[in-house]
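Start at 1 and go down the list; that is how both ligands and their atoms are numbered.
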Amino acid sequence: MDKRHEELVEKLKDSEFKKGYENACGEYKVGIIPNIFGWILVFAGNTVYGKKPSYEKFKAVEVIARIPYQSWEWISYMFLTAMYGNEQKAINLTHTSRFGRVAQDNETMHVVVMTQICKREGLGGPFRHYLIPLLFSFFYYIVSAVLYTVHRKSALELNYLFESHAYEQYSEFIEECGDELKKRHIESEFLKFYGRECKNEYELFCSIRDDELIHRNESIRRISVPRA
Ligand SMILES: [Fe+2]
Ligand SMILES: [Fe+2]
């Protein structure tokens, strides 16, 4: 758990603050390459799991969501091996790997908790739940790693699109199923281990939705921060 991230999640409970934060990057226009890959990811996800948000779809989204952060952390360590002689570059690269680490841990919490919910609901099959997300992840890892190495802005913009999609899907789910979610208690050892407290699924889904909003905005903010 990252203290600064959790403080921002708390602040986003204030609707006025959230509106400003949401608008800060809401109209951002991405380049053609991230647009193409973003479209492929969303189209493939909608084709396999349906357009409507569901527990099953969220589980697949969360398996894939960790991937870019994982690849960026690996790449920044790789660059650090070549550039540790330059202190400023080493600081910038350490910031990148820290950002990748924090976001990965956050997405890991999402996928672990979502998997427990799917188990409880009796949802799960080796093909739709394991093999397909794994194939998506493999494709996404290659694309994220190559883009981050050769054109970092495109990699961050692609993540912006993916996180925007996740944010919209969680928002739609909460809008449609909010009353039901308030009645569902959440019990997860991993959630406690991570350090987040949620009384019910409504609180959990609202906090995950806001995690995705933070990831979305942070992807754009990092475009102006030098990699090394
Ligand atoms: Fe997530
Ligand atoms: Fe995310």
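- Figure legend: Arg222 and Phe99 shown as a cation-pi pair, the cationic atom lying under 6.0 angstrom from the six-membered ring centre and within 45 degrees of its axis.
- Among the atoms of Asp211, none of the N, O or S atoms falls under 2.8 Å from the Fe ion (ligand 2).
- Annotation: cation-pi geometry satisfied between Lys59 and Tyr130 (NZ/CZ under 6.0 angstrom from ring centroid, within 45° of ring axis).
- The CG atom of Leu93 sits 9.0 Å away from atom CG of Asn86, with the distance rounded to the nearest 0.5 Å.
- Taking 2.8 Å as the threshold, His215 counts as a candidate ligand of the Fe ion (ligand 2), since one of its N, O or S atoms lies below it.
- If you chain together hydrophobic residues whose side chains sit under 4.5 Å apart, Phe193 and Val102 never meet in one group.
- Classification of the Tyr170-Phe58 ring pair by plane angle, with boundaries at 30° and 60°, yields parallel.
- Atom OE2 is the N/O/S atom of Glu107 found closest to the Fe ion (ligand 2).
- Minimum-distance N/O/S atom of Glu212 relative to the Fe ion (ligand 1): OE2.
- For His110, the N/O/S atom at the shortest distance from the Fe ion (ligand 1) is named ND1.
- If you look at Glu62 and ask which of its N, O or S atoms sits nearest the Fe ion (ligand 1), the answer is OE1.
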